[in-house]
Amino acid sequence: MSELPAPLDLLEAATTAWAPHLQQDGTLHDPVFGVPTQYGTAYYAWCCAVLATQPGADAGGGHRERAVRAFTAALAHTADPGAEPHASTFERRTASVAGRFSHRDFTWPPLLKTRSVLAGLGAPLDPELGRRLAAVDVTESFRARPPSNWAAVWMSGEWLRMRAGLSPTGPEEFDDWLDVFFAGTGTGFDLELGMYTEHGLPNAYDLFTRTHLVDLLAGGWAGRNRERLEEFLVAGLRRSLSMQLSDGSMASGHRSAGQTWVLGAQVALFTAHRVLGLGTRADLDAARLAAWRAYTSLAQWQRPGGVFSPVQNLLPPQSRVGYETYTADGHYSPLALAFLASAITAGFGEDEAASAVQLDARPAGSLAEGSPTHRGAAHHGRVSVAVQAAADDTYDASGLVDLTFGSGRQLQFVSAARHLSGGPWLVPGLATRAQPGPTAFEALCASPRRLTAPLSTLPGAGLSFEALLLDGGTCDDEDRPGAGAAGRRHRWSVQLHEDGIEVRETLEGWSRWRTLLVPYVRDLGAGPETAVEVTGDGVLFRRGREQVRVRVQGGLERVSVLPHGYENRRGSCGLVRIDLVDPGEELRWSMSGSSSGGGRPVDG
């Protein structure tokens with residue numbers, strides 16, 4: 001195990017690793033595509049500016065010089081809406097740029113923050129730059145309008161321009177923009193959940209939006225919407241605390257959940273809440289631990305000898321494992337670091353780091369959400385699960401989507417996995433076979449469904465739901481897996497204990513041959529690969545000193561280990577298939593993890 005680096009040390013090392021990719025004209029180029037991508041230059045400027053303010057971190061003025069250069073280039077691109085947009089979508093198979101769409105909305109906060117810091121440092125800024133900032137027309141340069149999450153981003157920057165006396169925007173107009181988020185149109189603030197909602201209900205963009213709104217308050221905004229915005233943000237804080245897994249990552253939920261910026265945003269959000277006193281004393285104490293929990297994960301993803309990873313694995317960027325079509329190192333890596341930089345300016349890292357014992361001593365409890373998310377999470381000490389009762393299958397499967405065993409560990413079961421050739425998303429859970437033997441199966445986690453009993457909490461720490469399986473159009477007759485399963489009720493429950501979980505799945509009145517599927521991360525790009533050992537009642541996963549044991553109730557017909565061909569947001573994956581001898585309508589299984597090997601990031 002390696003010691004957890006100080007936040008400022010991580011920021012310095014990760015930012016410096018990007019220096020060779022900063023061009024003479026000030027643009028930051030992606031290491032794979034060799035071109036600027038989306039908004040990376042502006043966020044890199046902010047990281048360099050923060051480092052330039054730290055005593056001893058800017059010997060020779062290198063960070064300040066890079067901040068000025070990147071700031072100048074990013075502002076020139078933002079201020080010219082007619083300029084060609086930077087690369088924004090990418091084709092994995094040929095490593096090519098597939099699209100260019102304007103993402104200037106995202107550059108506004110880092111540009112205004114960087115300008116303020118550089119001015120305070122007495123950096124040699126051309127007076128023309130201030131005039132360029134003042135001349136930007138936000139309605140012309142930026143694509144999004146409230147209640148888009150993009151608008152929340154540029155609005156947090158626009159307030160900084162207003163505060164600097166460089167904006168034509170008035171306070172009432174700004175509050176009018178915020179009114180739209182509260183309008184209840186489907187996109188905007190769900191006040192009951194404490195969640196920003198948009199298409200797909202991504203947990204990541206709820207977090208992203210609220211982080212910028214808290215930043216707005218931290219910047220001194222105090223308009224007529226402040227009181228109800230604070231109430232929404234406190235509710236959102238409590239949701240984020242519940243949706244944070246024990247390894248510091250955020251529960252899966254539609255797109256972008258596996259990006260490292262999600263970890264950085266949590267550090268920034270939880271730190272800002274503490275600084276503002278936004279929440280109860282218990283909320284803020286929990287926020288301190290949550291910030292360190294997220295940072296403990298964030299610190300694992302600095303590639304040895306390379307740039308900071310934008311995804312939660314250390315595989316080479318050319319492999320694109322965990323990347324989505326809009327993901328590139330050149331923007332999502334600086335974004336993750338920029339959130340960390342903002343947290344550092346708010347004081348993160350000035351207190352003593354929380355110990356692994358503190359981070360893993362989480363009280364038992366559960367959160368179950370109804371419509372529209374049908375998501376939940378439960379925690380018991382170092383064990384966390386996230387459950388989706390009716391997932392949007394664009395990015396997720398239904399059932400147990402996340403299982404983590406504590407801070408500093410890397411043998412976790414987080415997010416759905418998929419075969420490289422396509423097919424359904426898979427999470428640990430029940431599949432059925434129409435015949436015994438190595439026949440085809442139908443994974444229930446991928447089956448379309450309608451909830452008949454909502455996701456609910458169980459005593460202690462646990463969750464349950466019931467769903468009616470629907471005809472997905474994939475099974476026409478008795479010789480095909482899952483044939484006739486439409487109309488059957490799938491009952492599912494999980495109960496947590498201090499070492500792991502126990503799951504019970506029932507397919508009412510449907511006695512077929514049962515299979516337990518367990519996708520697992522084989523290669524994170526650092527340290528040993530995960531090994532699988534077949535046992536009398538299941539399998540044992542080993543990665544270094546970490547172990548996770550899977551046990552199945554019932555006689556086993558065979559266990560198949562497919563170590564290659566799958567992947568998820570965490571890395572290259574394998575799949576374990578455990579076939580039971582006898583047919584039945586119920587499957588009981590468990591997963592437990594040893595407490596050895598945890599606490600701090602693994603050496604790469």
Review point. For the atom pair CG (L193) and CZ (R238), what is the distance rounded to the nearest 0.5 Å?
Key: 14.0 Å

Review point. Between F71 and W46, is the ring centre distance below 6.0 Å?
Key: no

Practice item. For D179 and R228, run salt bridge (charged side-chain N to carboxylate O under 4.0 Å, His left out): C-alpha distance rounded to whole Å, both residues' side-chain angles, the deciding distance at 0.1 Å, then the answer. Key: CA-CA 10 Å; D179 286 338; R228 65 173 177 165; 3.1 Å; yes

Review point. Given the rule in the side chain to side chain contact (heavy atoms under 4.5 Å, CB included) test, do F270 and L289 qualify, once you have shown the distances and angles that lead to the verdict?
Key: CA-CA 9 Å; F270 295 137; L289 293 176; over 6 Å; no

Review point. Does the side chain of E369 come under 3.5 Å of the side chain of T373 through a donor N or O and an acceptor N or O?
Key: yes

**Study point:** Reported CG-to-CG distance for the pair L111 and L160, which is rounded to 0.5 angstrom
**Key:** 11.0 Å

Point to revise | Verdict with supporting geometry, R375 and D396, salt bridge (charged side-chain N to carboxylate O under 4.0 Å, His left out) | key: CA-CA 12 Å; R375 296 175 189 155; D396 299 303; 5.3 Å; no

**Study point:** Side-chain donor/acceptor of N149 to backbone N/O of T209, under 3.5 Å
**Key:** no

Practice item. Count the heavy atoms belonging to other residues, nucleotides or ligands that lie under 6.0 Å from CD of E128, then report whether that count exceeds 12. Key: yes

Check your understanding: Which heavy atom in Q266 sits nearest to a heavy atom in A294, and how many Å separate them?
Key -> CB-CB, 3.8 Å

Check your understanding: Can you check side chain to side chain contact (heavy atoms under 4.5 Å, CB included) on R161 and V138, steps first, answer last?
Key -> CA-CA 11 Å; R161 188 171 72 147; V138 296; 3.8 Å; yes

Check your understanding: Roughly how far, to the nearest 0.5 Å, is the CD atom of Q54 from the CG atom of L8?
Key -> 5.0 Å

Check your understanding: Sub-3.5 Å donor-acceptor pair from the side chain of R320 to the main-chain atoms of R93, do we have one?
Key -> no

Check your understanding: Can you name the one residue among R570, R569, R293, Q312 that meets side chain to side chain donor-acceptor pair (under 3.5 Å) with S249?
Key -> R570

Review point. Are the side chain of Q244 and the backbone N or O of A290 linked by a donor-acceptor pair below 3.5 Å?
Key: yes

Review point. Do Y323 and D329 have side-chain N/O donor and acceptor atoms under 3.5 Å apart?
Key: yes

Check your understanding: Taking the six-membered ring for Trp, are H331 and F90 parallel (under 30°), tilted (30 to 60°) or perpendicular (over 60°)?
Key -> parallel

Check your understanding: Is there a side-chain contact between L207 and V262 (heavy atoms, below 4.5 Å)?
Key -> yes

Check your understanding: So, the side chain of T53 versus the backbone of V50: is there a donor-acceptor pair under 3.5 Å, distance only?
Key -> yes

Check your understanding: Would you say the side chains of R100 and T89 form a donor-acceptor pair under 3.5 Å?
Key -> no

Point to revise | Pair K113, S342: side-chain N/O donor-acceptor within cut-off below 3.5 Å | key: yes

**Study point:** Y332 vs T260 side-chain heavy atoms within contact, under 4.5 Å
**Key:** no

Point to revise | Check: T169/E158 side-chain N/O donor and acceptor closer than 3.5 Å | key: yes

Check your understanding: Short question: side chain of S156, backbone of P109 - any donor-acceptor pair under 3.5 Å?
Key -> no

Practice item. Determine yes or no for a side-chain-to-main-chain donor-acceptor pair under 3.5 angstrom, with S309 supplying the side chain and Q302 the backbone. Key: no

**Study point:** Y395 and H254 aromatic ring geometry - parallel, tilted or perpendicular at 30°/60° bounds
**Key:** perpendicular

Practice item. Output yes when a side-chain donor or acceptor of E324 lies under 3.5 Å from a complementary backbone atom of S256, and no otherwise. Key: yes

Point to revise | Polar side chain donor-acceptor pair, H63 to E12, under 3.5 angstrom | key: yes

Review point. Given side chains that start at C-beta, do those of R303 and F308 come closer than 4.5 Å, heavy atoms only?
Key: no

Check your understanding: Does the pair R104 and E84 meet the rule for a salt bridge (charged side-chain N to carboxylate O under 4.0 Å, His left out), with working shown?
Key -> CA-CA 11 Å; R104 291 175 175 85; E84 181 184 41; over 6 Å; no

Review point. Under 3.5 Å, is there a donor-acceptor pair between the side chain of D30 and the main chain of F33?
Key: yes

Review point. Per the ring-ring contact (aromatic ring centres under 6.0 Å, His included) rule, which among Y43, Y205, W301 passes with W261?
Key: Y205

Exercise for review: State, yes or no, whether a side-chain contact exists between L22 and W18 at a heavy-atom distance under 4.5 Å.
Suggested key: no

Check your understanding: Among side-chain atoms of E91 and T94, is any donor-acceptor pair under 3.5 angstrom?
Key -> yes

Check your understanding: Can you tell if the side chain of C573 reaches within under 4.5 Å of the side chain of R418, non-hydrogen atoms only?
Key -> no

Practice item. Start with the C-alpha distance between D206 and T197, add both sets of side-chain angles, then the distance that settles side chain to side chain contact (heavy atoms under 4.5 Å, CB included), and finish with yes or no. Key: CA-CA 7 Å; D206 159 57; T197 60; over 6 Å; no

Check your understanding: Judged by atom type as modelled, is there a donor-acceptor pair below 3.5 Å linking the side chain of N568 to the main-chain atoms of G571?
Key -> yes

Check your understanding: Is the H103 to H86 ring centre distance short of 6.0 Å?
Key -> no

Revision key, fill the gap. Rounded to the nearest 0.5 Å, the CG atom of L245 sits from the OG1 atom of T404 at a distance of 4.5 Å

Exercise for review: Could you grab the distance from atom CG of D351 to atom CZ of R288, nearest 0.5 Å is fine?
Suggested key: 4.5 Å

Point to revise | Test side chain to side chain contact (heavy atoms under 4.5 Å, CB included) applied to R210 and L233, step by step | key: CA-CA 7 Å; R210 286 185 293 106; L233 291 172; 3.9 Å; yes

Exercise for review: Check whether the ring centres of W150 and F106 lie less than 6.0 Å apart, and answer yes or no.
Suggested key: yes

Review point. Looking at the rings of Y295 and F348, which for Trp means the six-membered one, are their centres under 6.0 Å apart?
Key: yes

Review point. Distance-only, no hydrogens or angles: does the H212 side chain make a donor-acceptor pair with backbone N or O of A152 under 3.5 Å?
Key: no

Review point. Looking at W159 versus W154, is the centre-to-centre ring distance below 6.0 Å?
Key: no

Review point. Any chance the side chains of T107 and T78 put a donor and an acceptor closer than 3.5 Å?
Key: yes

Check your understanding: Distance from S572 atom OG to N313 atom CG, nearest 0.5 Å?
Key -> 7.5 Å

Point to revise | Member of S148, P81, P85, S102 meeting the side chain to side chain contact (heavy atoms under 4.5 Å, CB included) criterion with R143 | key: S102

Check your understanding: Any side-chain donor paired with an acceptor under 3.5 Å for R239 and N203?
Key -> yes

**Study point:** Side-chain donor-acceptor contact under 3.5 Å, D402 with S252
**Key:** yes

